[in-house]
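Note sheet for the following structure.
Since the structure is predicted, the reported quantities are computational estimates derived from the model, not experimental observations. Below, chain A is the first sequence line, B the second, and so on; all start at residue 1.
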Number of protein chains: 2
Amino acid sequence: MTSDALVDALVRSTFQVVGVLTRIGAERDLSLTQLRVLGILRDRRPRMTELAAFLGLDKSTLSGLIDRAERRGLVARGKNPQDRRVVDVFLTPAGLELAEQVYGEVRRALTPATARLDPQDGDQLVQLLHTVLHSPD
Amino acid sequence: MTSDALVDALVRSTFQVVGVLTRIGAERDLSLTQLRVLGILRDRRPRMTELAAFLGLDKSTLSGLIDRAERRGLVARGKNPQDRRVVDVFLTPAGLELAEQVYGEVRRALTPATARLDPQDGDQLVQLLHTVLHSPD
DNA sequence: TATTGTTATACTCTATAACTATA
DNA sequence: TATAGTTATAGAGTATAACAATA
């Protein structure tokens, strides 16, 4: 069945990319989750609950995650003027710089692989991944 | 640059598949790593060091991982007759059954997504993923 | 009362360092 | 001496339950 082969290919490539992300993150003491937090916060300023939901984590887990990132000066908590229960999270300048650095390195690490495709095939792969995984289930 | 778009697409699809794997694993108290261990052991019987290297983990980390899986009756340790220092690891029947179950569920979970492609495009996606990530860096 | 977030607790995952047994 | 694996330790990641503040 073609579908099984496709699922297998997706799972295998997932673990491979996870390996790259984990290795690059580890060089800067960033777990996969912290890496993802930095990536998300590059262009968003969510409240704690939003970010936890987006990551698929419990809010208490996120509290700890943000505690540790805040202690390192990578993120900060801000008050929300509309609702005083709410805590907004955002990158500090140092966090933004680290995020850009690390994602730049991810690009460099994966470029030898992506460069194996000519531009046409690369576009096609982007398109196919988008169709498969970027749609409403 | 096309390459950046491709890397972004790979990273995004990676986090999405990780989300699916994490959710399905959690339903059976399996972390992403335990899930991967089960997947690998389906058709291999490696020694501890081999498995640790394959997973990119320290051998001490693997000891704990296998301890916990063994306590649950999913894997077992075996002696290696050639070298008495070596410990081989393999799935128990219960572990194999769980592995098949959980990977079956992963297939079912991803099938609605993969079914959005017609067979031709699916084959092409498998081929492209193979070219990008399954080659020597 | 319901929602937002934190804290206390317990467990898993992870690496480093020190160790035992075997080669 | 070198290699295979375990154990002790410490810290991060995770969820559940209980809590405080605000709505």
Considering only side-chain heavy atoms of A/Val87, which listed nucleotide, C/dG5, D/dT14, D/dA15, is closest? C/dG5
Would you say a side-chain N or O of A/Gln34 is under 4.0 Å from OP1 or OP2 of D/dG13? yes
Donor-acceptor pair (no angle test) under 3.5 Å: A/Arg85 side chain, C/dT3 base: yes
Partners meeting side-chain contact (heavy atoms from CB on, under 4.5 Å) with A/Arg84 (sequence neighbours left out): none
Report yes or no: do B/Gln101 and B/Arg28 form a side-chain donor-acceptor pair below 3.5 Å? yes
Whole-Å distance separating the CG atom of A/Asp67 from the P atom of D/dT14: 14 Å
For A/Lys59 and D/dA21, what is the distance between atoms NZ and C1' respectively, to the nearest whole Å? 12 Å
At less than 3.5 Å, do the side-chain atoms of A/Thr49 and the base atoms of C/dT3 form a donor-acceptor pair? no
Which part of the nucleic acid does B/Leu65 contact within heavy-atom distance under 4.0 Å: base, sugar-phosphate only, or nothing? sugar-phosphate
Could you tell me whether the phosphate oxygens of D/dA12, OP1 or OP2, come under 4.0 Å of any side-chain nitrogen or oxygen in A/Ser31? no
Round to a whole Å and report the spacing from CG of A/Leu51 to C1' of C/dG5. 13 Å
Please report the distance, rounded to the nearest Å, between CG in B/Leu57 and C1' in C/dC13. 9 Å
So if I take every side-chain heavy atom of B/Arg68 and compare against C/dT14, D/dA15, C/dT16, which nucleotide ends up nearest? C/dT14
Whether A/Thr61 contacts D/dT14 is assessed here as follows: a side-chain N or O lying under 4.0 Å from the phosphate OP1 or OP2. Is that the case? no
Does C/dG5 have OP1 or OP2 sitting under 4.0 Å from an N or O in the side chain of A/Arg47? no
For the pair made of CD in A/Glu50 and P in C/dG5, what is the distance, rounded to whole Å? 8 Å
Between B/Arg84 and D/dA4, is there a contact of a side-chain N or O with OP1 or OP2 at under 4.0 Å? no
Under 4.0 Å between a side-chain N/O of B/Thr33 and OP1 or OP2 of C/dT14, yes or no? yes
Between atom CZ in A/Arg77 and atom C1' in C/dT7, what is the gap in whole Å? 12 Å
Just the rounded figure in Å: distance from C1' of C/dT22 to CG of B/Asp83. 7 Å
Hey, are A/Arg77 and A/Asp88 close enough for a salt bridge, meaning a charged N less than 4.0 Å from a carboxylate O? no
Output yes when a side-chain donor or acceptor of A/Arg42 lies under 3.5 Å from a complementary backbone atom of A/Gly39, and no otherwise. yes
Whole angstrom is fine here: how far is it from CG in B/Leu35 over to P in C/dT12? 17 Å
Check: B/Gly73 main-chain N/O paired with B/Thr92 side-chain donor or acceptor under 3.5 Å: yes
